[in-house]
Every structure is written in C-alpha cells, then in structure tokens.
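Count residues from 1 along the sequence. This structure is a prediction, so every number in the text was calculated from the model and none was measured.
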Amino acid sequence: HKISHKFNSFIFTINIKDDVTYVDEAIVPVLPKVTYKQKVLEYLSKNEDNEVIQKIINLEQLTNEDLIALENIFWNELGSKEDFNNLTNNKPFQGNIAMFVRTVTGIDRNKAKKIYLDFIKSNDLTSQQEQCLKEIIDFICVNGDITVENVRDNAPLNLRNWSRIFGCNLQGVVNLIERVHGAITVA
C-alpha cells in the first residue's frame, strides 16, 4: 500500500509492504503476534467490570472460587500458567494472580481512605502516626499491595522507625497492612 497525504506544505508518503499468505488460493493476512503481556493488559483494561476484578479493586475478600476464576482467565483463556509465571518472574507478586491484577488496576482510593479513616477513628493516634498510616495507604494505592515483610524494603516507608513512632500501637499498623493484603488471599 502506498498512501500520500498533503498537510500544510508537507507531503507525507507512506509505503507499507503487506505480508500475505496464500492458503488454497485464498489470501490470508499475516497478523502481528500478540504477546501474553499484551493480552493480559488488554483484558484488564476492557474487563474492569468483571466481578472478581471489582473485588480486587474494592479491597473485598476473595474466595477460593474467585481465585479459580482468575486462574482460568490467566492460565487458560489468555495463555498458560507458564506464560503467567514468565511474566511475573522475579516480581514481588510472583505467582499471585490477584496481587498482579491489583498492581495493574490499582485499588479504589476512596475504599483505601475509608479503611484509613476507620482506623484513625478507632485509635488514639498522634499526627505523626496518622501521617505514617497515610503513607502506607498512598503506597498501596500506587503499587497495589504491600506486606508487613516488605515495608522495610520500600521507600518512603523504610525511612521510618515504626517501633519508635507507634510503640505499643505497632500491632494495629500490622493489622491494617494485613487487612489490605489479606483481601487478595483466600480467607
């Protein structure tokens, strides 16, 4: 195909060679190969209304049936378990489909803020403690997830002395993190 187009005083000519395969005298166009990652990202962008994906975004507890549905989508419809493992290899969410989905789709910031506000209302916290909790919620909103184990590895959270700041209230922070992370594991 050769296409010419005049724009202002410039003429643009595009010459594209079509790849064609003939099968029993019929023309079959050669389509570009779509990678597993492209399939996954397209699926997630077009299916945010999927019930299980909505649960992930809204920080709702997943069931075993939800995880089976995710496995079917990611390991059968879009590709294989091996494709998924290759895509998530050496990532914090390696092997966890729900955590992977949450890192792509994010979470509902309003739901996260509600968890934050509920925690503040039920605990007597200093302004410094409230700011630390806000940083945790902001981190989760941006990154999709966090665990107690990797708080120490992620800036700006790893710059805090959590034991000094929270003292005997530290377990409450641990519970908050586990609540948000726990929503993407089976109860």
field: Residues forming a side-chain contact (heavy atoms from CB on, under 4.5 Å) with N169, sequence neighbours excluded
entry: L125, Q129, F166

query: Counting only N and O atoms by type, is there a donor-acceptor contact under 3.5 Å from the side chain of Y36 to the main-chain atoms of F74?
result: yes

query: How would you list, by chain and number, every residue that makes a side-chain contact (heavy atoms from CB on, under 4.5 Å) with N89, sequence neighbours excluded?
result: Q94

- request: Only counting residues at least two apart or in another chain, list the ones meeting side-chain hydrogen bond (donor to acceptor under 3.5 Å, both in side chains) with R179.
  value: none

message: Restricting to salt bridge (charged side-chain N to carboxylate O under 4.0 Å, His left out), what partner residues turn up for D83, sequence neighbours left out?
response: none

- request: Test I53 against R102 for side-chain contact (heavy atoms from CB on, under 4.5 Å), laying out the working first.
  value: CA-CA 8 Å; I53 293 173; R102 210 156 75 175; over 6 Å; no

message: Just verifying a value: how many Å separate F139 CZ and L157 CG, rounded to the nearest 0.5 Å?
response: 6.0 Å

message: Please enumerate all residues that pass side-chain contact (heavy atoms from CB on, under 4.5 Å) together with T35, with sequence neighbours excluded.
response: K37, Q38

message: Quick check on the hydrophobic clustering: are W162 and I120 connected, directly or via other members, by side-chain heavy-atom contacts under 4.5 Å?
response: yes

- prompt: With sequence neighbours left out, what residues match K121 under side-chain hydrogen bond (donor to acceptor under 3.5 Å, both in side chains)?
  reply: none

Spacing of CG belonging to L62 relative to NZ belonging to K55, to within rounding of 0.5 Å: 6.5 Å

query: Are L44 and K39 side-chain neighbours, meaning at least one heavy-atom pair lies under 4.5 Å?
result: no

- prompt: Among the clusters formed by ILVMFWY side chains lying less than 4.5 Å apart, do I184 and I140 turn up in the same one?
  reply: no

message: With rounding to the nearest 0.5 angstrom, report the CG to CG distance, L67 to N96.
response: 7.5 Å

query: To the nearest 0.5 Å, what is the distance between CD1 (I137) and SG (C132)?
result: 12.5 Å

task: Starting at OG of S163, measure out to CG of L170 and round the result to the nearest 0.5 Å.
output: 5.0 Å

- request: Report the residues that fulfil side-chain contact (heavy atoms from CB on, under 4.5 Å) with N58, sequence neighbours left out, ordered by chain and then residue number.
  value: Q54, E60, D108, K111

query: Does one hydrophobic cluster hold both I73 and I68, with members joined at side-chain heavy-atom distances below 4.5 Å?
result: no

- request: To the nearest 0.5 angstrom, please state how far the CG atom of D145 sits from the OG1 atom of T103.
  value: 8.5 Å

message: Among residues at least two apart in sequence or on other chains, which ones pass salt bridge (charged side-chain N to carboxylate O under 4.0 Å, His left out) with E130?
response: none

- request: Keeping to residues at least two apart or across chains, list the salt bridge (charged side-chain N to carboxylate O under 4.0 Å, His left out) pairs with something in residues 152-175.
  value: E135-R160

message: Please check if the number of heavy atoms outside Q171 that lie under 6.0 Å from its CD is greater than 12.
response: yes

task: Please say whether more than 12 non-hydrogen atoms of neighbouring residues, nucleotides or ligands are located less than 6.0 Å from CD in E77.
output: yes

query: Under 3.5 Å, is there a donor-acceptor pair between the side chain of Q61 and the main chain of T185?
result: yes

- request: May I ask you to decide if F119's main-chain N or O and N123's side chain share a donor-acceptor pair within less than 3.5 Å?
  value: yes

- request: Would you please test Y43 and N50 for side-chain contact (heavy atoms from CB on, under 4.5 Å) and show each step?
  value: CA-CA 10 Å; Y43 177 85; N50 172 290; 3.4 Å; yes

- prompt: Under 3.5 Å, is there a donor-acceptor pair between the side chain of N72 and the main chain of A69?
  reply: no

- request: Would you confirm whether W75, through its side chain, and L70, through its main-chain N or O, come within 3.5 Å as a donor-acceptor pair?
  value: no

field: Side-chain heavy atoms of H181 within contact of M99, under 4.5 Å
entry: yes

message: If hydrophobic clusters are built by linking Ile, Leu, Val, Met, Phe, Trp and Tyr wherever their side-chain heavy atoms come under 4.5 Å apart, do V40 and V104 end up in the same one?
response: yes

message: Among residues at least two apart in sequence or on other chains, which ones pass side-chain hydrogen bond (donor to acceptor under 3.5 Å, both in side chains) with D118?
response: K114

Which residues share a side-chain hydrogen bond (donor to acceptor under 3.5 Å, both in side chains) with N158, sequence neighbours left out: none

Criterion side-chain contact (heavy atoms from CB on, under 4.5 Å) on I107 and I56, from CA distance to verdict: CA-CA 7 Å; I107 60 175; I56 293 169; 5.8 Å; no

- prompt: Sequence neighbours excluded, which residues qualify as salt bridge (charged side-chain N to carboxylate O under 4.0 Å, His left out) partners of K134?
  reply: D138

query: Are any of the side-chain heavy atoms of I177 and I136 separated by less than 4.5 Å?
result: yes

